[in-house]
Structure formats: C-alpha cells, structure tokens
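In what follows, chains carry the letters A, B, and so on, assigned in the order in which the sequence lines appear, proteins first and then strands, with residues in each chain numbered from 1. Excluded from the calculations below are hydrogen atoms, water molecules and symmetry mates; all remaining heavy atoms, backbone and side chain alike, are included.
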Amino acid sequence: MAAVLESLLREEVSVAAAVRWIARSTQSSEESPGEAAVLNSLRPLRKEFVPFLLNFLREQSSRVLPQGPPTPAKAPGASAALPGRPGGQPRGGRGARSQLFPTTEPSSTAAEAPLTRRGGRRRGPGPARERGGRAPGVPEEGVGGESLSWPGGRRLKGSGSPSIPSLTLSDPPNLSNLEEFPPVGSVPPGPAGRTKPSRRINPTPVSEERSLSKPKICFTSPPISCVPSSQPSTLDTSPWGLGLPPGCRSLREEREMLRKERSKQLQQSPTPASPTPELGTSLPSRTGSLTAEPADPARVSSPQRLELVALVYSSCIAENLVPNLFLELFFVFQLLTARRMVAAKNSDLELSQDSLESPLFQSIHDCVFFAVQVLQHQFQVLSSLDKGTLKLLAENERLLCFSPALQGRLRAAYEGSVAKVSLAMPPSAQAVSFQPETDNRANFSSDRAFHTFKKQRDVFYEVLREWEDRHEEPGWDFEKGLGSRIRAMMGQLSAACSHSHFVRLFQKQLLQMCQSPGGAGGTVLGEAPDVLSMLGADKLGRLRRLQERLVAPQSSGGPCPPPTFPGCQGFFRDFILSASSFQFNQHLMDSLSLKIRELNGLALPQHEPGDEDGESDVDWQGARRQFAVVLLSLRLLAKFLGFVAFLPYRGPEPPPTRELQDSILALRSQVPPVLDVQALLQQGLRARRAVLTVPWLVEFLSFADHIVPLLDYYRSIFTLLLHVHRSLVLSQDNEGEMCFLNKLLLLAVLGWLFQIPTFPEDLFFLEEGQVDALEVDTAASEHGLDSVPVVDQQLLYICCPYIGELRKLLASWVSGSSGRSGGFVRKITPTTTTGLGAQAPQTSQGLQAQLAQAFFHNQPPSLRRTVEFVAERIGSNCVKHIKFCQRKSPGAVRALLPEETPAAVLSSAENIAVGLATEKACAWLSANITALIRREVKAAVSRTLRAQGPEPAARGERRGCSRACEHHAPLPSHLISEIKDVLSLAAGPRDPDEGVSPEHLEQLLGQMGQTLRCRQFLCPPAEQHLAKCSVELASLLVADQIPVLGPPPQHRLERGQARRLLHMLLSLWKDDFQGPVPLQLLLSPRNVGLLADTRPREWDLLLFLLRELVEKGLMGRMEIEACLGSLHEAQWPGDFSEELATLFNLFLAEPHMPEPQRRTCELVQPNRGTVLAQS
Amino acid sequence: MILTKAQYDEIAQCLVSVPPTRQSLRKLKQRFPSQSQATLLSIFSQEYQKHIKRTHAKHHTSEAIENYYQRYLNGVVKNGAAPVLLELANEVDYAPSLMARIILERFLQEHEETPPSKSVINSMLRDPSQIPDGVLANQVYQCIVNDCCYGPLVDCIKHAIGHEHEVLLRDLLLEKNLSFLDEDQLRAKGYDKTPDFILQVPVAVEGHIIHWIESKASFGDECSHHAYLHDQFWSYWNRFGPGLVIYWYGFIQELDCNRERGILLKACFPTDIVTLCHSTA
C-alpha cells in the first residue's frame, strides 16, 4: 500500500486519479496512461489503501500524542503494513470501542482460524496476517510482501508485562493507554480459558466545562482489575451490562474504587510522571503537567510531502472512504492541539525527507501544518459545527499562525452561526395520563385485572420515583433496590391483556421522559441550562452531586462512545433487565415495532421552506420541530427495540469455534426479524426518506449481537447502509440532492455505527460490485424528505452528542495552553441559601407556556393534534397576509433615515426591518392564534360539560336550599359536635361547674333549623345523626335531665323553657328534616327510663309531646299506642310501672279531637298535678 | 395553622396518655390558646388514634377482655348509675367507645346463643336502646357520648367535616370559574383513582402547575400524610400529573417538600392562582 503513497509522493500519479482509483474500481478516462499503468499494477491492493493510510497516520502521530487518547482507526488490513507495532496496532487500530476482546490469550491459533474466515474478527485477507501469526512476544516480520521498513523499528511487547521496554524503541510506549497496552497480567484467565473482554472507553481530554453536563455513564466497561476469576464468564463478562450477578460491583463503585486508588497512588508518588494503566483517570494530568510546544510554520520539515498526504487524506474523507468522518476530524484536532513531541532518535531524521522512509511528522510544526492543511479541505464540515467549537477553532493561535485565511473564514462562520430552531420540548417527567377510553374498566377482562393494573401503575411510578431519588447515590444498585419489587409486580400481570396495558404505559412513559434532550441526559450542548436545571430543583443533594462532579473529572465516551442509555433511559433499560419477563419483552417488542412503523410512515411535510417570499415561516418551524420530535422518538424506540430484540442472543464474545458459529447461524437464520427493517430501509431509500429512517435503524442495529452481521438478512442491510454512506458526498450539492446537514447527520450516525464492535469491519472496505447489486431505485420519488432541510445543527448535536468531543478537545487545549484560559472555564458561583429555598420566580410567559403544555396533558391526544393543526394552518394563512411587512418596511425605513445614507446601508437597514417585522408578525400570530383556538376549545369543552354534566343541575336540586340562600348556616358537623357535648354533659360524668344555659339550647335548635333549611353542606348521614340527636335531646328535655348552668337551685330547666324547646324541636321535625326522624325512640325503654330517675317524676311534658306528635301528624296514635304497649314488657320499678300504666290510659282515653289543653288538665292525676297545673 | 415540626412535636408531647374526653380537650385548648381549636382537635384525634393502633392488641387478648368484663360486672353491681365503663376505659388507657364495644361483645356472647355479628354490634352502638340490658345500654351510651375520638357520633362528625370541606372547595372553584370534574363524575367515567376534583384546564398555584385538588379536612401530620401520599396523592400524580392538597386544619411545614415533584400542600384555598390567559397581545 505504501507503494501508492510512494507513487503519489513521486508524483507519478495525481491525487485526483488516486482517489478516483480508490473510490471506484473502474478506470476513468481522465487518467493518463502513465497513471493507469501505475495504478493497474497496484490493483490487488486497492481496497487496502484507505485502512493503510489511516493506520499510517495514526502510527506516525503516536509520538505526538502519547498521553492523549489514541484516535482509533478502523483498519482491517493494517497489521501487515505496520510491522513496527506487531502487538499494539491491530488492537489500537480497531478503535476504542472495539477493544472488546484484548488479545491477551497467549496463543489461540486453533480457535482463531475459523473466526477470521467469517470476518467477525478478521484483520487481513491472507492467512499469514491472521492473529495467530502474530502471537504476542513473537517478533513479526513484515508479511504479505509489503515489508516497508519504517524508521520506528520493531517493538516487542511482552505478553505478561506491558511495562517491559521495547528493544529498539522510538515510539514511547503509551502506557497510559489501555488500548495499546492492556493490563495483560492483571486479568486472570476465566474458567473458559478466555479473558475478560475489556470494553475500553477511550479516555477523552477532560475539560472543565464537561462538568456542566451530566456524566456519560459508561455502563459497558467492566472493571478490569477487579474481575473475580471464579465468576462464570457467561454472567459477568457481558459488555452490555447484562446479567450482572447480584454481587458484581456497579460501575459507580468501580469508579469510586478507582478514584481512591488513584489518590493513593498520587500520594505515593507526588509526580505522576509515569501514567498507570487505569481506567479513565489517565488524562487530567495532561493539561497540568504538559505545556505546549510552540508551533512555527517556518520550521515545517517537508511541507510538500505533508500537503500531498493531507490532500489524499482529505480526498478520502470527502469521498467517504473513511468509516467515520468525525473520528478523522477528532484525530486532526488532536494533531492541531498536540502539545509536544517525544524526541526521536537522531538517526531517524537523517533519512530522506521526501519518501516514506522518514517519519511524516518530525515535529509539532509538521503535525500542526498537516492538521491545518486537512482542516482547510474540511471547511464546509467545520462551518456547520456548533458555535462554541467554531469559536475555539477560530481562536486557536496555531491555526491563526498557520493559516490566517482559514482562521478568517472560521471567524466569519462563527459570527454568522445562528441556532436555527430551538426544540421547544415539554418539560420532563410527567406521568402518562389516565385516559378513560383506554384505561377504564371496560378495557379489562375482569375487575381483578382492572384493580391489578391499578396497583401496577402505582408500583411502576413508585419505583420510578425511587430511582429518580436514589440512582445517583453512591452504592445504590438498581437490582438490589428495586429488582424484587419489579418482579413481584410483573408476576401479577397474568392476563395477556394486562401485559399490553402495562407495555403501553411503559412505552408512553419512555417517550415522555426520554424523548427530550434533557431527558436523555448529557446531550445538552454543555451550556448553562444544565447547571441551572440542577440548581433550580432546590435539592441540596443535587448541589452536592454537582460539587462532586466538579472536583472529579469525568471520563466521557470519546468520539465513538458505545451505545448507552443516558439519563432516564437507564431506568427503562434496568427495568427491562430486572423484570426479566419473557412476556413483557414480547409485548414490548410488539408495541415498539408498531409504534416505529407508525412514526416511520408518518407523512411529514415535504415542501421547501420559503418558496414564496418567506411565506410560511410558521409552517416551517412547526415542520422542523415535528421532524425532530418524530426522529428522536423513533431513535429512542428503535434503540429499545434493538436492545430487547437482541437481548437473548447477546454475549460478551463471538462463538469460539466455527462449528459452533455455524450451528448458531443455522438456528438464527430461520428466526424472522423482529421488525422487517430491511423492507423499511428500502422503502425509506426509495421514498427518499433516508434522513428519517437511517438514524433510527442505526440505533436499532447498534445493539446487534455478534451473530447478527453474519446473517444474510442483516448483512444485506449493513451493505446497503455502506452504500448509503458512500453516496453521501458532502461536496455534491445538486438540485434535489440531500441537504447538507441531513447528509452530515447520516454520516455521523453511520460512522458511529461502523465503530461498533459487532459491525463487521471487513464489510466497510468491501468490493463495490456487491454494493452496486443493491442499488436502490430512488427515481420513484423526486422530492422526498431528504431534500428538505429538516435537520438543523441542534438536532445534529442531540442525535450525535459525540460531535461535541471536538469542542472538548479544543477547550482542553485552551485550558492547558497559554494564559488565556478564561474562555470556556465556567466559573460557578457558590449558590446561597436564597437560591435554593424558593424557586426562582418564573416568568409569566414561561408559566403560561407550561400551562398550555399541561392543558393538553390530561386531554386525549386527538385534541392536541386538532388544535395544533388548526393553529398551524391558520397561522400560515395569516402570515400570508402580512406581506405588508415587505412592502411597507422599506418605505418606512427610507423615510426615517437621512437622505445622505449610502445605498448599501439603506438596503441593509431595509432588509433587517423586513426581517424583523416578519419575525414579529409570525411570533405574534403564532402566539395569538393558538391562544384563540385554545380558548375556543376550552369554551366548547366547558359548554359541553355544562350541558351534559349533572353537576350544575344537581347542585340546586340535591341541596334544595332557596336561590336566595347565602349558605351562612352553621355547619352540620359543628352542630352535631355541639349537641354531642350537651348529650355527654347530660350523660355525665361532669364537673360541678359544667352545664348548659337555656339560651344556648335555644340557640342550638335555632341553628339546627338554619342548617336544615340551607342544606348546602348537609349530607344524608349528617342529617340522620342530627335527627337522632334531636330526638335524644327531646327525651332529655322531657325527663328534665339537662344540667343547666347557674347556682344549685336553678340546676333544672324551667318547664316553660322546656316546653318552648320541645316546640322548636317539633317544628324542626315537622318542617325542616327531609329524612326520617326516629321519633319512636322517644318511647324506647331507655329514654322513657330516664324519667324513672327523676324525683318527682313529671309526665306532663311527655304527654304534651305525644299529643303534639299526633297533632302534627308526625306519629300516628296507633304507632304510639304500640310503643307504649311494648313499654310494659320492660322491667321497671313497681311505682314507675304504675305511673306508666296511668299515662298509657290517659293517652288512650283522649278523644281523637284537637282539644289538647283541656283534656290534659282533666286527665292528670291530682297528686302529680302540681307541676302540670303550671303549664 | 401550618406548624413547624418543632411546634407540632410540642403539642404532640402534651397529648401522651391523655384520655379522649371533653375535659381533656378543654385543657388542651387552654394550654395552646393561640392554635385553632379545630387544628388542636384534629391533632389530638390523630395522635390518639396512633396511640390506640399501637396498643390495640393488648386490650384484645382473652385475658384482658375477661378482666375488663369482670371489672365491669363488679362495678355495675355496686352502682349501676356510676360511670363504670367510662372509668374503666380511662383507667386502662383505652378509648371508651372501643371499651364499650369489647364489653358489649362479651356480654352478648354470654347472653345469646350465637355469637353476635359485627353489624348487630354496630347497630347497638349506634342506638344503645337496642341493647337488651338497660344498665349496659346506659354505660355504653355514656362511653359513646363522652368519647371524642372514636364512636359512631365522632365518625359522623368526621364524615360531615370532610363533606363540608369538599362542598366548600367546590363552591370556591365555581366562584373562581374553574371548570372541574368531581369524584362522582370521574367514577362514572371509569377512573380507577379519583381525587376530589380534576381541573379540566390546569392552573398554576404559586408557580406550580396543578391538575387536581384533594381536600383533606384534617391536620397533615407525618403519619397520615405519608399514608395519603402512598394511597392517594402519588396515585393521582401517576394518572393526572401534579396537583394540590388542601389540609384545611393545617399541616407540618416540612412535609411540603414535594412541590417540585408535583404535590403542593396548602392549608387554605390558594389565592395565587394563575390561569391560562387567552389574550397575549
């Protein structure tokens, strides 16, 4: 391969021809015969060129970036071409995330051979290049006929101890880099004879600003140093954080341990000069201990050669011949910000400057020169990076020094950069609202199922809340904390119907919590809102956690992080794992698939924005937002679908033998895919909706297990994706082509996918013939979503947060170099208590927006859709009518500005005025129209409710008080309570000074009348008790048992007062009680018995009462007679029985005529008549 | 009416082993003249109920029951008009109404062929006239009217208080022109958990969005609040989003800690209500 580079350097072949040759197998007519001859001779090696080039660059830069993270290059054919690094390169070249299986086994020739044939771990085309031939410790000669002798010489690497110095070292071994130097000795071989996969995450330069965003949870990294060898590898070695046995340490513990370990080491050796192979902690020292060497354009060793290589490299990038665009950019940024170069041997420098015999990068100057050269070619991509990156890049003094022109362009790009759309996402976690249509009893098979689900919903949220509160606590473990509760809950889901209910809840909650960037965690562009949201939440605990984060640098995922479940997503993943329910997973997959199909097929607006005079800005904003929401939802759903679908097959490593692999393949190939993603992809491409389909498909595939790529079905999908990738040439911007940012998004996500360990690496550099065969006919639809600029910068960064690593790299340069470290290092002012106690007053606008959001929360989704649709249509129509903006604004501006204003200024001013006016009109309209519609809807809703609801009518009816009533009557509870006090006083025991005043009694009865007439607050049970209490009061009155306040002689109620009170009671019974009054209790043995205790016994009040009852029709004579009759049955003192009999006779003797007064007097016996006579 | 935990503890401290009688309440009111009587009663009632829950079991052993019954019988033999049962309850630190129930049940066991059903006993407690023994009827009645924490009358008062506050809240909502669905309407629609009111258009109270309002005519102490959170408030949140709880008789200030989470506590109908505006111009 080097031959190609050589011929380029010798100018036998032009760069353009070479790139054409690499990109397309066919010869082009543009090539000169000489070129063709040269290239033809190299034909067999064509497809190895790019991997060679990438590895070559990495190799060359290793002296410059010793401490930094190695940028992985995807390079299957690399090992052969790089004899200099027999042990390290194949692993290093495989990319950070691919370090799934460090080749720490002593020798595995037998086991390796079959694997390499299927390409799973294939490194090179020929058997000589297989890993078996490069067993660690065995010096390797250049193989495959390409023994270029690089000045680096060979390096030996001891299999047992990474720190053994190499024989002829020119490259300083980067001991801090586990990639190149896996801690071989520290990992005891597992029971199966395999080593523990260390899915290493590339350490990334940590900048202080990183602490502002949430930590990326690297759940895939099992602790290297704490692997108990006794644990079965099937359990603990999963790279996906699966199947962790209960005893396994959580990542947090692991980190904690490492942190402690590190501080211990720091104490032992105050100068951490020799980095130790530790996870994620090797970096922070970088900024502190290293000052950057100045770079000088005048001291570049061989500009021509560097320019040429940069051109070839850039061309490969431009043609998408490299797997991951952003990874290459990251690498170039690393070169740009390299701090110093490790001194090379003098002999190295004596070699020819123009061939590959001498190192490409001989100094920092060379590196920077090369980087700037490449960046010049990549300006288009750079200019679409976020503002922060652009600023850092434009402010980079090296860049300014090496290319003032580029710096100028970047500065201009920075100044012109505006955020296009801010995603107005609903504020995070809310519960899924209860919708009667889908959730009420009618949707369940039985009462039991309904109630079970009711409980489950509550348990689900209880678990969720506990997770929210505790998952960041050190030592807290999901499975330990919640596992059994989740399983108990899942165990209750017996009926299939319940499962579908629960899955719907689960999926809706997932979408609600994780769809917004905030919910995903860590994807915010590293700006202030993250901190504010943390502080705003008035939690001291959070502040403490924030503080912890500030002092402990985070390791982040690097430019190619593994698939993760950041933020709330972690809850859902852990829930699935802890539930470990086959039924749940099946229902979940069904539901996710359906939703994905639904969203993927959604008709999204396909018109170009601003066709006519910026006509429908409102439309356009809405369309973009809608696209973003749909895309993010799809990605989330697909991620979980991939996670669950491949869950049963996922293991830490591919099958160990070919036979086993074949049998697994035979099994798997007959299993239909969970979702026909192939068809969906093809449809998507045909309909030119790749920008929607590919990103979610990538999420889905990122969870594939090792066998998946070997299955024909999925292999064809991968091939198709590669084809798509190759076709996304950014520089081509033809009419009807895919928009730039759309392309960039796809390149980013595909590049990321290609770095996933399970992605078949040999596929990337596949022969084109196979790709061509899968050519998809896209002619069918001319204008698909792809040609609409639906992706904006924010969406790009939300989908691909790892692009932000570029900025971190630059920021760490700023903080480490020179004096101007102020820029991005955000100062965090300690928050005072006032900030924590009361939440910052919300703006009324914000509150209104929240209210509007909340309004839809408990409404059926259709209401929201309708309102939004109407608002959008009307909004856009209205905007059409405000073109006055365009006509009138210039005139107004012209009239107001002085006459001598230059034409250019005038024109700009006019344009700005037009723009502003339009913007304002749009904003005004969109705000007002929605509000108008909402009011309409609200009015309609309340109208309907008023019409159908029983409430207003029932209000008057049920309570039955007059319209004029102002409901000032005493409360029934108060009355019952007061009467209870009287009753208890009467029943005793009581203190000598306790008693009731007659006025109080009268007042009480008066209040009772008011309450009974108002009825506003009266409920049936209260009325019942009032009735019963009133009867008891009457009995006490009759028996003169109410203790009256006052000096001893007055302890009893006057007869007249008693009679008056009885009258009041009678009228209450007659007129005011609406429910039944238990008047027969007046003649119950117990109440009549009250009379037995009084001396002298006075029967007149009872007789009076009975007469009144009859007279008022409250009781019938017969009824009273029956009661009196039954009284005889009770046991009484002898004299009382007699008197009772007399009363009975008196009452019976009374004629049925209303002449009570006279009769009573006549009938009362003389010896008791004294009191009666007074009445 | 919103008490700090310390204030609440001070009150609760005074309630240890205080019998639930009219006299006790009067003393309590004198002890804390600045607190509202309803709040004091509510706290007292809740504290007493906690106490009873803790000691309930020991009063229901067969030995204890037998012991109480014998003491009752001995007492009424000496003087049937004396408050035998009430004094017994106070002496052993148990609620008079509950003591009445124990003795009544024991009495009926002795005098009837079949063991008395719960409903028969409840009915007799509601209306002691039905108790076949006149002396026992009076004793039971005396216990019930003198018990301010348990018994049918107290239950009725509590129910009435709850109802009255719901009505009050409804009227305030109507007055503020906030449209809502009440519990009955929600139940008719098939909701599985129903707060007192769901607002059809959410409002913001003190800057917090609320979707539902639950009225609690009691004092919100830790114990009851946590039980309510678990059985009701979180369930409402799980279905309808954030909401407001009104503890009409106040609550412990420190319990109002879930505002951010979506559960807001108030001791009265809020005054700071922001509704969705219709005109933004």
Side-chain angles (χ1 to χ4, degrees), chain A residues 430-431 433-434 436 439-442 450 454 457-458 461-462 465 537-538 839 841-842 844 847-848 850-852 854-855 857-858 924 927-928 931-932 934-935 938 941-942 945 949-951 971-973 976-977 980-981 983-984 987-989 991 1016-1017 1019 1021-1022 1025 1081 1084-1087 1089, chain B residues 22-23 81 83 86 127-129 134 137-138 141-142 145-146 148 152-154 156-161 163-164 167-168 171 179 181-182 184-185 189-193 198 200-204 207 209 211 230 234-235 237-242 259-262 274-281:
Chain A
Q430 279 218 329
S433 80
F434 183 98
D439 296 338
N440 72 12
R441 171 66 185 86
F450 180 55
K454 173 171 84 178
R457 183 194 288 261
D458 288 329
Y461 284 109
E462 187 185 300
R465 270 190 293 271
D538 99 337
Q839 208 192 13
Q842 278 167 309
S844 63
L847 199 57
Q848 285 296 322
Q850 273 190 41
L851 277 170
F855 168 67
H857 179 252
N858 283 333
W924 187 88
N928 287 283
L932 277 172
R934 212 173 282 131
R935 180 167 57 184
K938 187 180 158 186
V941 165
S942 49
L945 281 162
E951 160 225 322
L971 295 172
S973 63
I976 300 173
S977 193
K980 177 175 170 284
D981 276 353
L983 297 180
S984 74
D991 298 341
Q1016 162 82 346
F1017 295 99
C1019 60
H1025 270 87
L1081 282 180
S1084 73
R1086 210 183 77 77
N1087 283 332
Chain B
R22 201 174 65 242
Q23 291 89 343
L86 183 65
D127 176 15
S129 323
N138 285 335
Y141 180 80
Q142 192 174 38
V145 293
N146 274 293
C148 54
L153 262 178
V154 174
C156 171
I157 293 171
K158 283 183 182 167
H159 180 271
I161 291 176
H163 175 77
E164 289 154 12
V167 173
L168 187 70
D171 288 351
S179 58
L181 291 171
D182 67 17
D184 296 334
Q185 290 167 312
K189 286 184 165 211
Y191 284 83
D192 59 355
K193 288 266 188 177
I198 286 187
Q200 288 179 315
V201 180
V203 297
I209 304 279
H211 288 276
H230 181 268
W234 285 129
S235 293
W237 186 94
N238 298 342
R239 288 157 180 77
F240 317 112
R259 287 187 161 218
E260 301 304 323
R261 267 275 168 81
V274 176
T275 53
L276 201 56
C277 290
H278 299 317
S279 54
T280 51

With sequence neighbours excluded, tell me which residues meet ring pair (Phe, Tyr, Trp, His ring centres under 6.0 Å) with B/Tyr141.
-> none
Just jot down the side-chain contact (heavy atoms from CB on, under 4.5 Å) partners of A/Ser973, sequence neighbours excluded, or say none.
-> A/Leu971, B/Ile157, B/Ala160, B/Ile161, B/Glu164
Hey, which of B/Gly262, B/Gly134, B/Cys156, B/Pro83 has the most heavy atom pairs under 4.5 Å with chain A?
-> B/Cys156
Would you mind telling me which of B/Asp127, B/Val145, B/Val154 has the largest number of heavy-atom pairs within less than 4.5 Å of chain A?
-> B/Val145
Give a yes or no on whether the backbone of A/Gly988 and the side-chain of B/Asn146 come within a donor-acceptor separation of less than 3.5 Å.
-> yes
Check the pair B/Leu168, A/Phe1017 against side chain to side chain contact (heavy atoms under 4.5 Å, CB included), reporting the backbone distance first and the verdict last.
-> CA-CA 8 Å; B/Leu168 187 70; A/Phe1017 295 99; 4.2 Å; yes
Per-residue contact mode, [X] against chain B (heavy atom under 4.5 angstrom):
X: A/Arg457; answer: both
X: A/Pro1085; answer: neither
X: A/Ser1084; answer: side chain

Counting heavy-atom pairs under 4.5 Å with chain B, the top scorer among A/Lys454, A/His1025, A/Arg1086, A/Arg465 is A/Arg465
Using a cut-off of under 4.5 Å for heavy-atom pairs, which of A/Pro989, A/Gly1089, A/Ala442 has the most such pairs with chain B?
-> A/Pro989
Beyond-backbone contact of B/Arg22 with A/Lys980, side-chain heavy atoms, under 4.5 angstrom | no
Give me the ring orientation class for B/Trp237 and B/Trp234: parallel if the planes are under 30° apart, tilted from 30 to 60°, perpendicular past 60°.
-> perpendicular
